[in-house]
Amino acid sequence: MANTIEVKVPDIGNLTGVPVIEILVKPGDTVAKDQGLVTLESDKATMEVPATAAGVVKEIRVKLNDEVAEDMVVAVIETAAAAGAPAPTAPVAQASTAPTAPAPSRPAPAAVPAPAAAAASGRKADIECQVVVLGSGPGGYTAAFRAADLGQDTVLIERYGALGGVCLNVGCIPSKALLHAARVIDEAAHAADLGITFGAPKIELDKLRAYKDKVVAQMNGGLAGMAKQRKVRTLEGTGRFISPHEIEVETKDGTRLVRFEKAIIAAGSQAVKLPGFPWDDPRMMDSTDALLLQEVPKKLLVVGGGIIGLEMACVYDALGSEVTVVELMDQLMPGADPDLVRPLQQRLAKRYAGIHLKVKVAKIEATKSGLKATFEGDKAPEPQVYDRVLVAIGRAPNGGKIGADKAGVTVTERGFIPVDRQMRTNVPHIFAIGDLVGQPMLAHKATHEGKVAAEVAAGQKSEFVARAIPSVAYTDPEIAWVGLTEAEAKKAGIKYGVGKFPHAASGRAVGIGRTEGFTKLIFDEATHRVIGASIVAPNAGDLIAEVALAIEMGCEAADIGLTIHPHPTLSESVGMAAEVYEGTITDLYVPKKK
C-alpha cells in the first residue's frame, strides 16, 4: 500500500529566509532515501534537503529563489511502505524543556545504509593513540586538549604548518586584526567632528600585513605551547581514513599511518567557488585570498552580502577601495531581521559605490584592463570592470574529502556528517564536530561540540544542549543576534513582545557619535522570559553575550531590568530594553499600553 509523505526542511540552525538555489528532481522521478531534492544556500554554506524515504516524487512545493525555513514542506513523495506502517518524517528540532528559546538540536544520525568500511590495512602503524583529532581549528584543538586533560593519549592532525585551522590562520583571527585597522582609520576620520584633525592615512601594506601575521603567529605559538604542556602529539599533513581505525597522513616527509581507538573529525569547511568564473586569474579572490592583502584595488566587487563578504568589504573600503556589493536576496545578511540590517545598510550606502540587492552576477570575464562583470536582475547595473572580485557566498563542508566512507561513516552528498547530541557519527567510536556537522558554521559552536566529543570519547556522560548560539557580523557597526529572531518567533506561533531601546537615547552612544543602532530583546508573553535579542552597535559582539547567558538561565524581563548595569555604557541598553518591555523605563517616554 502506497503512503504519501511530506519532506520538510530539517534543522538548519534557526535560520529563516534561506533561498532555494537548485531543484534537483522533478515530479515523477524515482528517488532513493537520502537523495537530495533541493539545494539551499545560507550566508555560510550550502546544503541539500534529502528525501526521507525512497519512492516517487509526486509534487515539488518550492520554486527557485523561494525562501524557506525549518519544517517547511519542499516536496511530497509516494512511498511503497507496508500497510499500516507510519510514514517517515523529516527530522525536526526537539522542543526545549524550559519555556525559553528553543534549543538548537540535532537529529540522530540518519538511518541510511552506511558505506561499507574498508578492511584494516594490516600495516605497522607509525603512530598509535587512544584519540586522534583530524583538524586543529577551534573545535579540533579544543577536542584534543580536553581529551588529553581527561587522560587520553591524543594525536592532533593539521594540514597547515601551525595549529588553529582556517579560523586562526586564514579566517576569524586575521580578519578581525584587519577590521581593527579599518576601525582605527574610521575613528581617526570621525575625530574631525570633535575638533581633532589628523592627516590622511598613509597605508603601508607590508606593515599592515606584518601586523596581521604577528597576531596569527602569537596565537599559533600559544596553541603549540599548550599542546606540548598537555603532551598532545601533533602531526602536520593531510589525513584521510583508510579503515575504521586507521588514518593515512600525507606529510612533507612522506606517508604516515596513524592507528587509533577513537577519532574526532574536525575537518571544517572551505569557501564555495561559483563555477564558470575565471578562477585561474589571480584577481579573483575568495575570503582566504582577500586576507593575503596583496594590494588595495581601486575598484572591488564583492559577490555576496553575507557576513564574510561585508566584513572584507569594510576592510577594503577603509583602506581606500571603491566597493560594490551584489547580493542575490532582497536584503544584506539574509536571515537576520530587516530592522537589524537597516542601520548598517544605511551607513554603507553612503560609503560604497553601490549595494545591489536581488541582483545576480551572471558572468565575469578576465580582460587586460580588469575583470568585467555582467549582472542580471530587476535593477541590475550595467556591466562594469573591476580591479578585483571577491566571491563570498558561503562555505561548504569537507566531509566528503577525508575518506570517511573507508571508515564506514555516513556523509551526505553535500559533505555534511550526521551526528547525534553526543557528536557520534553512525560509527560509535568516531565523532564529528564543527562546520561539517551542520549549521551554524561558527567557531564558538565548534569549541563546545569539541568538548562534548572529547568527554564522551573519554567515557563521560555529556551532550550538546545549547539553547542559544550567538552570531556576530564584525562590520561597522557590528551586528549581533542570539536566540529567536522576530521572524522565527512569528513562524513558530509564539506570542511574543519586544523591548527596543534606541541608542540615540544612550549617553554613551551620543558621546562616541554612534547613535544609529539599538538593542532589541524578544520575550515570550506567556512567561516574560527572554527568547531572543539583537544589537546593532560598536562592540555588539561583546554586548550580546549577556543575553545569551540570560536565555540559557531562563531570565525574565524583570531579572534583566533589575540588574544594575554600569553607566554610561552601551551595555546598559540591554537593561533598558528590558525596562521598555516591562513599562518601567524612565530614560524614554513610552506611552503605557492600553
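Count residues from 1 along the sequence.
Applying the salt bridge (charged side-chain N to carboxylate O under 4.0 Å, His left out) rule to D405 yields no partners; only residues at least two apart in sequence or on another chain are considered. Taking A181 as the reference, L208 meet the side chain to side chain contact (heavy atoms under 4.5 Å, CB included) condition, with sequence neighbours excluded. Not counting sequence neighbours, the partners of T30 by the side chain to side chain contact (heavy atoms under 4.5 Å, CB included) test are V56. Shown here are the ring-ring contact (aromatic ring centres under 6.0 Å, His included) partners of H180, two or more places apart in sequence or in another chain: there are none. Scored by the side-chain hydrogen bond (donor to acceptor under 3.5 Å, both in side chains) test, S462 finds E455 as partners (sequence neighbours excluded). With sequence neighbours excluded, no residue forms a salt bridge (charged side-chain N to carboxylate O under 4.0 Å, His left out) with E413. Shown here are the side chain to side chain contact (heavy atoms under 4.5 Å, CB included) partners of L179, two or more places apart in sequence or in another chain: K176, E311, C314, V315, Y474. Evaluation of the salt bridge (charged side-chain N to carboxylate O under 4.0 Å, His left out) rule for D213 yields no partner, not counting sequence neighbours.
We find the CD1-CE distance between I307 and M312 to be 14.5 Å, quoted to the nearest 0.5 Å. The line from CD1 of I264 to CG of L156 is 10.0 Å long, rounded to the nearest 0.5 Å. Here the CE atom belonging to M285 is positioned 9.5 Å from the CG atom belonging to L291, to the nearest 0.5 angstrom. Atom CD1 of I265 and atom CE of M423 lie 11.0 Å apart (nearest 0.5 Å). Interatomic distance, CG of N426 versus OG1 of T410, reported as 3.5 Å (0.5 Å rounding). Distance CZ/R146 to OG1/T154: 11.5 Å, rounded to 0.5 Å.
No donor-acceptor pair under 3.5 Å is formed between the side chain of E295 and the backbone N or O of P297. Side-chain atoms of R388 come within 3.5 Å of backbone atoms of P282 as a donor-acceptor pair (strictly under, hydrogens ignored). Judged by distance alone, with hydrogens and angles left aside, the side-chain atoms of H444 form a donor-acceptor pair with the main-chain N or O of P470 at under 3.5 Å. The backbone N or O of F260 sits nowhere less than 3.5 Å from a side-chain atom of H429 that would complete a donor-acceptor pair. Listed for the N398 side chain is a donor-acceptor partner under 3.5 Å among the backbone atoms of A267. Of the possible donor and acceptor atoms, none in the side chain of R283 sits under 3.5 Å from a partner among the backbone N and O of V389. Under a 3.5 Å cut-off, the side chain of T288 and the backbone N or O of D286 do not form any donor-acceptor pair. With R395 contributing its side chain and S269 its backbone, the two residues share a donor-acceptor pair below 3.5 Å.
I60 and P27 make their closest contact through CG1-CD, 4.1 Å (heavy atoms, listed as atom of the first residue, atom of the second, distance). In terms of heavy atoms, V325 sits closest to A313 at CG2-CB, 4.4 Å.
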For residues 270-278, please give each side-chain donor-acceptor pair under 3.5 Å, one per line with the distance, not counting sequence neighbours.
| from | atom 1 | to | atom 2 | distance (Å) |
| --- | --- | --- | --- | --- |
| Q270 | OE1 | K401 | NZ | 3.0 |

Distance-only check: which donor-acceptor pairs under 3.5 Å involve side-chain atoms of residues 134-143, not counting sequence neighbours?
| from | atom 1 | to | atom 2 | distance (Å) |
| --- | --- | --- | --- | --- |
| S136 | OG | E158 | OE1 | 2.6 |
| S136 | OG | G164 | N | 3.0 |
| T142 | OG1 | P138 | O | 2.6 |

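For the pair V38/V62, a side-chain contact is recorded, criterion being any heavy-atom separation below 4.5 Å from C-beta on. Taking 4.5 Å as the limit, some side-chain heavy atom of N65 sits within range of a side-chain heavy atom of L328. At least one side-chain heavy atom of F431 sits under 4.5 Å from a side-chain heavy atom of V456. Annotation: side chain of V155 is not in contact with side chain of I247 (no heavy-atom distance under 4.5 Å). When side chains are defined from C-beta on, Y160 does not count as touching L168, because their heavy atoms never get closer than 4.5 Å.
The only member of K231, R233, R230 that meets salt bridge (Lys or Arg N to Asp or Glu O under 4.0 Å) when paired with D153 is R233.
Of the charged side-chain nitrogens involved, at least one lies within less than 4.0 Å of a carboxylate oxygen, so that R123 and E248 count as a salt-bridged pair.
Within the structure, every pair that satisfies the salt bridge (charged side-chain N to carboxylate O under 4.0 Å, His left out) test and touches residues 255-272, not counting sequence neighbours, is listed here: E128-R259, E246-R259. Residue pairs meeting the salt bridge (charged side-chain N to carboxylate O under 4.0 Å, His left out) criterion with at least one partner in residues 432-444, sequence neighbours excluded, are absent.
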Does the side-chain contact (heavy atoms from CB on, under 4.5 Å) test come out yes or no for V20 and L40, once each step is laid out?
CA-CA 5 Å; V20 177; L40 312 180; 3.8 Å; yes

